[in-house]
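Residue numbers begin at 1 in each chain, while the letters A, B, ... track the order of the sequences. Keep in mind that the numbers below use all heavy atoms, side chains included, and drop hydrogens, waters and symmetry copies.
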Amino acid sequence: MSSEYSIIGKRQTRIEGMDKASGEAKYTGDLEMPRMVIGKLLRSPLPHARVLNVDVSRALALPGVKAVVTGADVPGKKYGSFASRRDQTGLARDKARYIGDPIAAVAAVDEDTALEAIELIKVEYEELPAVFDAEEAMKEDAPLIHEERERNICAYRTLNFGDIEEGFKDAFHIREDRFFSQGISHGVMEPRAALANCNMSGKLTVWTSTQSPYWVRRDLSLILDLPPSRIRVIKPYVGGGFGGKGDLLDHEVAAALLSIKTRLPVRISLTREEEISCTRLRNPMSIYTRTGVNRDGEITAQYVKCVANGGAYASTSIMLVYNSAQTCLIPYRIPNFKYDGYMAYTNRSASGAMRGHGANQPRFAVECQLDMIAEDMGMDPADLRLRNATQKGDVSVNGLVFNSCELTRAIREGTRATDWKKKRGQKGNFRGIGIACGGFVCGARSGGHTASGSFVQVNEDGGVTLLTGSSDIGQGSETTMAQIVAEELGLCPSDVTVISADTEETPIDPGTFSSRVTFYAGNATLMATREVKDILAGAAAKQLGVTNKEIEFRDHKVFVKGKPEQAIPFSNLAKMAESYGHGRLIIGKGQWAPSNTEFPDRKTQYGNVSAAYSFATQIAEVEVIPATGEVKLLKVTVADDCGQVINLLGAEGQADGSVSMGQGHALMENILFGDKGQIMNPSFLEYKIPTALDMSDVSLIEVGLPDPIGPYGAKEIGEGLIISTVPAIINAIYNAVGVRINELPVQPEKILTALEKENKIK
Amino acid sequence: MMRLPKFEYIAPATIDEAISILNQYGQEAGLLAGGTDLLVAAKLRNVMPRHVIGMRGIQDLKGVAYEEGKGMKIGALTSLYHIRNDPRVQKYYSGLAQAAASVGAPQLQRMGTIGGNVCLNTRCFFYNQSSSWRQHRQVCFKMGGDICHVAPKGKKCFALFSADTPPALMALEAKLKLISSKGERVISIKDFYTGDGRKPTTIKPGEILTEIQLPPPPAGQSSIYLKYRIRSSIDFPLVGAAVSIVKDEDSKACQRAGVVLNAVGSAPIIVIEAEKLLEGSILSKGMVTEASNMAYRAAHPVANTDSTPTYRRKMAGILTRRALEELSTALLC
């Protein structure tokens, strides 16, 4: 398939790679402006407390302090990722809801002065009873964290398709198990930072480390009570987001308020401690699953209940509790399905979106349970999955339409490449092999507009400028977009200058989340590029005396198909096309949103939320040291269907990144909540992200075929992979030593204890 | 990024100069060797030295000297990276080379010094946190208060000793040279640690650790350092075990044994019972098991770092057993 392309599907290094590798790339925290001052936040030391009084007089009196703001200075309405769950004010107006909730912010001539000023602010609190566990929080007598939400239930969704009772009646074998997935930090390399500058005419510009300048502008507009057009948000280089940098956060609000007050540029950079303990986490979640299968191992019914700990604020809660359900229905055919998903407010640091967003936790549970069922039934777990795998053309019980799906092929090729049958049967060497599958959306339909847009301009020397609203947060989308432009026009990606993610300069784009960027912005860029291609082809056709359709663009040349010897250099063509008639610009625009998606029905949650779905199988190989319970992850084989690969190097990077992040989730990482919900390990020393030495071999096998809607047939790869890493590892551990751990992370002690309990070691 | 507190930086060129500055400022001075401990602690406001004495320029404190029959002298400012790569350390004191190689990561080993590692402060979940993190809790023993958050009814500080090289040095019978304005003293490293989490060493005000001395390796000596941690690099030990054995060439019996546990108390723990058991005997499987059980019993970790005390105590036994097994293989050949 890919052989007809000159750029698409190849290994493409980043167009901004040299900037980043040399250290020249400027991230928000590096930005400097004349007269810039530094801001710092004062955070609550209590998990739940009424703020009775904030005395800032001593801080204001400190030389070098330019301004202090508190909740009383916040003019606008509450904000939040979803309109129905707006619960944030930036700075506490009435209550502090977790240890770390911001109370006030200071701007001063330098960081030391700002820190000193923070300590001079006196806050009177009335400590309130607090609750930290999600299931405790939903009890009748639990203290209310947001008064408008009864029993602290921030979000609840239920799905009920088919006939669950009948489905279980038809089952030959049923299992019911409980699982727990821990709190996880995104571990972004770049801690959040924001620089706000309100000029004398009142226009506010904010540079911020975000996944969505558009969401930041929308929510800043709400909380500052300013029309969106008075706010410009620019995304500089971003050092990783993984879902966490979607929401507007307190430091962005504080920087804006301080700049409006002082008319000075104000920059606030979070410390690593703040980044881990005061931003967003992957939700800790309890998952209860009940699955029934018939004699052949086909799933007849499945019930999933998720209880997520949301922490102090809603963030993307509504999406999370929906995602946990609908992603259960992507990889397998489940005729009867019921789901109850809760997210509870607690007095802990807020949870939010993170790579996989709600899919990871139930995926871990269900994939482990499928292995248990396979064992109960005496089946090979890979065969069990093959029996249930979703096929191209299927429509799931909740209305998801699978126009492309190569999951069966992924399972077959993955097991073949790993010598699955043979390794699976080997016993006594403490080595194990485990499998898991998953699938993900390519941009879920949400409320509001979801379209992406691009402008393309060909310059007189043949260089191209692309304006795109999409936000590259390190995943490489600017390179992907440049590849699309280059493929169409027969250029190199380095010929394309990409200007992106600036609410004033580039088209509006919802942002980087839900694995939508390649699919949406890719299609928009393709449309815009084809517009300029038409103009250029017309000019070339006239010159060469043929029709537009006969013109081919390749290797910086334009020629009649099959006759590359009579070529016009691309740079000449651009000049030629510009000077036709009275002169014109070689510009094109594209905007794209899928026409085959729908917002899920509010009552039933039925509906095709995504234009396409990715699929993947992962096979993990481990070695366990029985004396200590330590696990070595030897190799992970990823068999992936992301449709047509655009950048193979990028796909390999996503596979490596998903495996290392999944490995951390499965074996090492754990946000430790101490008394009062305080995070005990807010540093990269104590929070255990795997290092290069811990990383296993990763082998990526691409099995996808082009999807009918994705650009060139591409689908997502950024999130779909990680969701099957964790269960593949846990299943491999079971295969190695026969102990099954249902609570993450599986640190050595759990394995050793289980082995001792089962008397499996001497 | 966290900010360093303001301090005056002084860079003496000689040991004498450093000692006189240290005497001048007393408790308000902090000695800076590699900075991997002090600067982090200063950023967290665990310590707030008004004057930082940068030792880096004192050339006399750097380097490794080895003389047959006399042993090895290591300048306190020698980097851990240098030590892990020194062929003589690797040959005669392999346990030390392994311990140095297990510290942090190569970048940290290049900055960190052996002297700094020997003098490393004790650590605790409740202590190695920023001042804002600690603000709502009562001041603990380690910070000068009178409560322990790990053991609220405890009457002492349980902060954890987790430097990697000291247990290896103890198992190898190392000595430390300390210099002050009153002169110098050389003590066994076994007498250097107090076991008090608040003040882990017996270093006196005005004293500087200048040299680590290792006795000439007896014929038949072998040594090892094993470390348990969650990740393969960067982590402090959750348990460490340093073991050394001197075997008699003729009888093959163990002449002398050193068994030292790490990161299960406020000082390295010498498992004397195990050392006595091993000395004079030929290492059998049963004896290795017995010695590792003694190590298990000697370890008393508390919940002040990752992993549970129960598991870390088990690991103390397991690491000791592994270390003895590896050395006894060497012993038999």
Trainee: Would you give the length of the straight line joining atom CG of A:Asp694 to atom CZ of B:Arg231, rounded to the nearest 0.5 angstrom?
Mentor: 7.5 Å
Trainee: Determine the minimum heavy-atom distance between A:Glu273 and B:Ser130, stating which atoms define it.
Mentor: OE1-OG, 2.5 Å
Trainee: What part of B:Arg322 gets closer than 4.5 Å to chain A, counting heavy atoms only: side chain, backbone, both or neither?
Mentor: side chain
Trainee: Between CD1 of A:Ile689 and CD1 of B:Ile230, what distance do you get to the nearest 0.5 Å?
Mentor: 14.0 Å
Trainee: Check step by step if side-chain contact (heavy atoms from CB on, under 4.5 Å) holds for B:Asp306 and A:Tyr687.
Mentor: CA-CA 9 Å; B:Asp306 214 318; A:Tyr687 181 77; over 6 Å; no
Trainee: Within a 6.0 Å radius of atom NZ on A:Lys750, are there more than 12 heavy atoms belonging to other residues, nucleotides or ligands?
Mentor: yes
Trainee: For B:Ile318 and A:Ala627, which heavy atoms make the closest approach, and how far apart are they?
Mentor: CD1-O, 3.1 Å
Trainee: So which part of A:Asp675 gets closer than 4.5 Å to some heavy atom of chain B, the side chain, the backbone, both or neither?
Mentor: both
Trainee: Roughly how far, to the nearest 0.5 Å, is NZ of A:Lys40 from CZ of B:Arg3?
Mentor: 8.5 Å
Trainee: Can you check whether A:Gln747 reaches B:Ser307 side chain to side chain, under 4.5 Å on heavy atoms?
Mentor: no
Trainee: Could you look at A:Leu667 and say if it's the side chain, the backbone, both or neither that has a heavy atom under 4.5 Å from chain B?
Mentor: neither
Trainee: Of all the residues in residues 38-45 of chain B, which have a heavy atom that comes within less than 4.5 Å of a heavy atom in chain A?
Mentor: none
Trainee: I'd like to know if A:Glu686 pairs up with B:Arg123 as an ion pair, taking the criterion as any Lys NZ or Arg NE/NH1/NH2 lying under 4.0 Å from an Asp or Glu carboxylate oxygen.
Mentor: yes
Trainee: Are side-chain heavy atoms of A:Gln678 and B:Gln129 found at a separation under 4.5 Å?
Mentor: no
Trainee: Are there residues of residues 150-164 of chain B whose heavy atoms fall under 4.5 Å of chain A's heavy atoms? If so, which?
Mentor: none
Trainee: Non-hydrogen atoms of chain B under 4.5 Å away: do they reach the side chain of A:Leu115, the backbone, both or neither?
Mentor: side chain
Trainee: Going by the rule ring pair (Phe, Tyr, Trp, His ring centres under 6.0 Å), which residues pair with B:His300 if we only count those two or more places apart in sequence or in a different chain?
Mentor: none
Trainee: For chain B, which of A:Glu274, A:Glu630, A:Glu275, A:Lys676 has the most heavy-atom pairs under 4.5 Å?
Mentor: A:Glu630
Trainee: With a 4.5 angstrom heavy-atom cut-off, which part of A:Ile679 approaches chain B: side chain, backbone, both or neither?
Mentor: backbone
Trainee: Got a second to check how far A:Leu685's CG is from B:Asn128's CG, nearest 0.5 Å?
Mentor: 8.0 Å
Trainee: Hey, which residues of residues 131-141 of chain B are touching chain A, say heavy atoms under 4.5 Å apart?
Mentor: B:Ser132, B:Trp133, B:Gln135, B:His136, B:Arg137
Trainee: Taking side chain as C-beta onward, heavy atoms only, is A:Thr628 less than 4.5 Å from B:Tyr228?
Mentor: no
Trainee: For the candidates B:Ile234, B:Thr308, B:Leu319, which exhibits the highest count of non-hydrogen atom pairs separated by less than 4.5 Å from chain A?
Mentor: B:Thr308
Trainee: Contact part of A:Ser269 toward chain B, heavy-atom cut-off under 4.5 Å: side chain, backbone, both or neither?
Mentor: neither
